[in-house]
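Below you'll find the structure, written out as structure tokens, and then a few comments.
All figures in this text were calculated on a predicted structure; none of them were measured in a lab.
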Amino acid sequence: MDDPRDLERADLQATLEARRELGPEYEPALVDAFADRVEQVIEARVDARLAEVRQRRNDEKARSGRQFAMGVSSLALGIPLTAIAGGIADVTGIAVAWAGIALVNISYAWQNRDRSRSSRRA
């Protein structure tokens with residue numbers, strides 16, 4: 001019973017047994033002690049769920065930031081690539097360069113989407 005999230009039937013049975021042994025005059029103290037234990041368990045479970053939600057939000061923010069950085073980087077690299085590709089192969093070169101940039105961004109976004117879905121399931 002080291003984990004405060006564990007509340008077993010044995011806890012209630014022990015409280016009831018103590019009440020039988022000690023008598024009704026100790027009932028308020030036993031009920032208070034059991035209620036405190038239940039409250040600790042509920043608080044620990046709520047804290048654990050809140051921690052999961054915070055972690056998920058932080059992960060989503062980080063993914064969003066990486067996606068933004070990828071987009072900005074693509075645009076920054078797209079300018080010289082456009083000049084080089086346009087100088088070598090005219091409009092066809094520009095189209096190929098930007099198609100490559102688009103494919104890289106789409107695959108990156110797709111991978112993040114898959115990771116996001118799998119982390120939500122876990």
Side-chain angles (χ1 to χ4, degrees):
M1 256 209 341
D2 295 330
D3 189 352
R5 291 176 291 173
D6 291 339
L7 182 67
E8 299 177 7
R9 184 180 204 123
D11 292 326
L12 179 57
Q13 289 174 339
T15 301
L16 292 173
E17 185 62 34
R19 192 249 183 228
R20 277 188 223 112
E21 289 177 14
L22 298 174
E25 60 273 2
Y26 287 98
E27 188 171 314
L30 292 170
V31 169
D32 288 342
F34 186 74
D36 287 343
R37 178 76 177 122
V38 170
E39 187 175 327
Q40 289 173 354
V41 169
I42 291 170
E43 287 177 3
R45 288 179 182 174
V46 168
D47 290 345
R49 286 189 183 136
L50 288 175
E52 288 174 17
V53 168
R54 281 189 208 108
Q55 184 62 45
R56 227 178 279 136
R57 283 183 184 160
N58 289 342
D59 291 347
E60 288 172 7
K61 284 181 184 178
R63 270 193 294 279
S64 176
R66 287 191 300 267
Q67 186 68 39
F68 179 75
M70 182 69 167
V72 170
S73 299
S74 294
L75 289 175
L77 291 173
I79 294 168
L81 285 175
T82 301
I84 294 167
I88 294 174
D90 294 321
V91 175
T92 306
I94 294 172
V96 170
W98 280 99
I101 291 170
L103 285 173
V104 167
N105 278 277
I106 290 168
S107 67
Y108 185 79
W110 194 267
Q111 286 176 342
N112 279 340
R113 189 177 127 237
D114 290 342
R115 285 187 199 135
S116 176
R117 284 183 179 173
S118 66
S119 70
R120 277 188 229 141
R121 285 186 218 138

Using the side-chain hydrogen bond (donor to acceptor under 3.5 Å, both in side chains) criterion, which residues pair with Arg54? Sequence neighbours excluded. none

Please confirm whether the backbone N or O of Ala69 pairs with a side-chain atom of Ser73, one donor and one acceptor, at under 3.5 Å? yes

Enter the distance from Arg19:CZ to Glu25:CD here, rounded to the nearest 0.5 Å. 9.0 Å

same_hphob_cluster(Phe34, Ile42) at 4.5 Å side-chain heavy-atom cutoff: yes

Examine Ile101 and Val72 and state if one hydrophobic cluster contains both, with Ile, Leu, Val, Met, Phe, Trp and Tyr joined whenever side-chain heavy atoms are less than 4.5 Å apart. no

Is there side-chain contact between Glu52 and Gln55, with heavy atoms separated by less than 4.5 Å? no

For Ala85 against Gly93, the heavy-atom pair lying closest together: CB-O, 3.2 Å

By salt bridge (charged side-chain N to carboxylate O under 4.0 Å, His left out) - contacts of Glu43 (at least two apart): none

Who pairs with Ile94 by side-chain contact (heavy atoms from CB on, under 4.5 Å), at least two apart in sequence or on another chain? Thr82, Trp98

What are the two closest non-hydrogen atoms of Gln67 and Asn105, and how far apart are they? NE2-O, 4.3 Å

For Asp59, run the side chain to side chain contact (heavy atoms under 4.5 Å, CB included) check against Lys61, Arg63, Arg57 and tell me which one passes. Arg63

In one Ile/Leu/Val/Met/Phe/Trp/Tyr side-chain cluster, 4.5 Å: Leu77, Val96: no

Quick one, Met70 and Val104 - any side-chain contact, counting heavy atoms below 4.5 Å? yes

With sequence neighbours left out, write down each residue that passes side-chain contact (heavy atoms from CB on, under 4.5 Å) with Arg20, or none if nothing qualifies. Leu16, Glu17

Tightest non-hydrogen contact, residues Pro28 and Pro24, listed as CD-O, 3.9 Å

Tyr26 vs Glu21, test: side chain to side chain contact (heavy atoms under 4.5 Å, CB included). Steps then yes/no. CA-CA 10 Å; Tyr26 287 98; Glu21 289 177 14; over 6 Å; no

Rounded to the nearest 0.5 Å, what separates atom OG1 in Thr15 from atom CD in Gln13? 10.0 Å

State which residues pass side-chain hydrogen bond (donor to acceptor under 3.5 Å, both in side chains) with Asp47; sequence neighbours excluded, sorted by chain then number. none

Side chain to side chain donor-acceptor pair (under 3.5 Å) partners of residues 87-96, not counting sequence neighbours, each pair once: none

